[in-house]
Amino acid sequence: MTDAVSDFPTGPFDRVLIAGLTGSGKTTLARRLAGVWGLSHVEIDGLYHGPGWVPRASFLDDVARFAATDRWVTEWQYTSKGAGDILEPRAELAVWLDYPWRVARRRLVRRTVARSVTRKELWNGNREGSPLRLIDRDPEKNILAWQRKTRNNWRERMPAALERNPHLTLVRLESPAQTNAWVAGLTRRSPTSPR
C-alpha cells in the first residue's frame with residue numbers, strides 16, 4: 001500500500017457516499033468534502049436515531065428526501081434498513097475508508113471515551129452512555145463490540161455493492177495519510193457554481 005493518490009479522481013462530485021468501519025472517520029471526511037465541494041452533509045445517524053435511541057419511523061422518507069436533492073454527502077450506513085436502495089442509485093462517488101483495524105479501533109476508543117466523559121449530545125437528545133458499557137460483550141450495547149462484529153463487513157460487501165452500482169466511481173483510501181493527501185489535491189468547487 002502506498003500513500004500515492006495521483007491516479008485518484010479529484011472531482012468535484014455532487015453526491016457522495018462514504019463507507020468504512022465504525023470509527024474510521026466517515027463523518028469527519030464527509031464534513032471535509034462538504035466544505036471542498038459545496039455539498040450538504042447529512043449525518044445519517046441523526047436521521048436514524050430518535051430520542052432515547054429509538055429508530056425514527058420517518059427514517060427512509062427522510063433519506064429519500066435528501067437523496068433527491070442535487071448535492072450531498074453522507075455516511076454509507078443502514079443498508080440493511082433500506083437506505084442503500086435509496087442512496088446508491090443517486091450517488092456518483094463512493095469513498096471507502098479501508099483503514100487497518102488498529103487505526104479504526106484507536107479512533108473509536110478515543111471518540112467513545114471522550115463522548116462518554118463530556119456527555120456531548122449526539123442526535124436528537126441522545127448522549128453516549130457510561131464508559132462501563134465498553135465492557136459489555138453485546139454489540140447492541142457496546143460500540144466496540146459492534147465494531148469487532150462488523151470489522152470485515154465492507155470487505156465482504158463492497159464487490160457486490162459495486163456490481164449493483166456500476167455507475168459509482170470508487171476511491172479506496174487505506175490510511176489517514178492517504179486520505180489527507182487525496183483531500184489536499186481535490187478540485188474545489190467554485191463558490192459561484194449553481195447549487
Side-chain angles (χ1 to χ4, degrees), residues 1 16-32 41-63 73-88 91 94-164 170-180:
M1 193 269 305
V16 182
L17 289 172
I18 302 179
L21 183 61
T22 301
S24 58
K26 297 182 295 294
T27 299
T28 299
L29 180 58
R31 289 182 186 131
R32 292 174 74 185
H41 172 221
V42 179
E43 192 169 354
I44 202 163
D45 277 326
L47 298 182
Y48 184 76
H49 295 292
W53 297 102
V54 175
R56 296 174 65 247
S58 63
F59 172 62
L60 291 178
D61 291 336
D62 293 340
V63 170
V73 57
T74 193
E75 302 81 10
W76 197 352
Q77 299 177 162
Y78 303 104
T79 56
S80 67
K81 308 294 185 191
D85 295 337
I86 298 168
L87 296 170
E88 292 167 16
V95 180
W96 179 13
L97 300 180
D98 189 20
Y99 294 169
W101 163 256
R102 68 186 181 283
V103 172
R105 187 62 161 190
R106 185 174 55 245
R107 287 180 165 197
L108 183 61
V109 168
R110 186 173 54 231
R111 180 188 87 184
T112 303
V113 170
R115 287 177 174 178
S116 293
V117 170
T118 63
R119 302 293 294 146
K120 176 183 176 186
E121 183 176 332
L122 302 174
W123 316 280
N124 303 310
N126 296 310
R127 299 177 190 278
E128 198 76 59
S130 162
L132 294 176
R133 289 180 331 136
L134 301 181
I135 60 173
D136 197 309
R137 291 185 178 193
D138 183 350
E140 298 300 322
K141 296 177 183 174
N142 176 354
I143 197 163
L144 299 180
W146 175 261
Q147 185 193 50
R148 188 178 307 110
K149 175 184 173 184
T150 60
R151 155 181 201 171
N152 294 311
N153 277 10
W154 277 111
R155 289 191 179 152
E156 294 166 359
R157 93 168 57 135
M158 188 59 80
L162 294 175
E163 189 173 319
R164 274 193 322 273
L170 175 68
V171 171
R172 182 179 181 180
L173 300 165
E174 299 180 84
S175 72
Q178 194 178 49
T179 299
N180 290 335

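Position 1 is the first residue of the sequence; numbering continues from there.
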Dump the intermediate steps for side chain to side chain contact (heavy atoms under 4.5 Å, CB included) on Asp45 and Glu75, then the final yes or no. CA-CA 8 Å; Asp45 277 326; Glu75 302 81 10; over 6 Å; no

Distance, nearest 0.5 Å, that separates NE2 of His49 from CG of Leu122: 9.0 Å

If the condition is side chain to side chain donor-acceptor pair (under 3.5 Å), which residues does Asn126 pass it with, not counting sequence neighbours? none

Side chain to side chain donor-acceptor pair (under 3.5 Å) partners for Trp96, two or more places apart: none

For Trp101, ring-ring contact (aromatic ring centres under 6.0 Å, His included) partners two or more places apart: none

Would the distance check show the side chain of Thr74 and the main-chain N or O of Val42 forming a donor-acceptor pair, the cut-off being under 3.5 Å? yes

Partners passing side chain to side chain contact (heavy atoms under 4.5 Å, CB included) against Pro55 (at least two apart in sequence or in another chain): Tyr48

Which residues satisfy the side chain to side chain contact (heavy atoms under 4.5 Å, CB included) test with Thr150, sequence neighbours excluded? Leu21, Thr22, Trp146, Asn153

Residues passing the side chain to side chain donor-acceptor pair (under 3.5 Å) test with Arg111, sequence neighbours excluded, are none

Using the salt bridge (charged side-chain N to carboxylate O under 4.0 Å, His left out) criterion, which residues pair with Glu43? Sequence neighbours excluded. Arg31

Parallel, tilted or perpendicular, judged at 30° and 60°: which one describes the rings of Trp154 and Trp76? tilted

Criterion side-chain contact (heavy atoms from CB on, under 4.5 Å) against Lys26, the qualifying member of Ile44, Ile18, Leu17: Ile18

Contacts of type side chain to side chain contact (heavy atoms under 4.5 Å, CB included), residue Arg56, not counting sequence neighbours: Leu47, Ser58, Asp62, Asn124

Ignoring hydrogens and angles, tell me if any N or O in the side chain of Arg107 forms a donor-acceptor pair with the backbone of Ser24 under 3.5 Å. yes

Per the salt bridge (Lys or Arg N to Asp or Glu O under 4.0 Å) rule, what does the pair list look like for residues 143-158, sequence neighbours excluded? Asp98-Arg155

Separation between CG of Leu97 and CG of Leu29, rounded to the nearest 0.5 Å: 5.5 Å

Considering residues, nucleotides and ligands other than Arg102, do more than 12 of their heavy atoms fall under 6.0 Å from its CZ? no

In chain order, what residues pass the side chain to side chain donor-acceptor pair (under 3.5 Å) check against Gln147, with sequence neighbours excluded? Arg105

List the residues meeting ring-ring contact (aromatic ring centres under 6.0 Å, His included) with His41, not counting sequence neighbours, and say none if there are none. none

For Ile86, all residues meeting side chain to side chain contact (heavy atoms under 4.5 Å, CB included), sequence neighbours excluded: Leu60, Val63, Ala64, Ala67

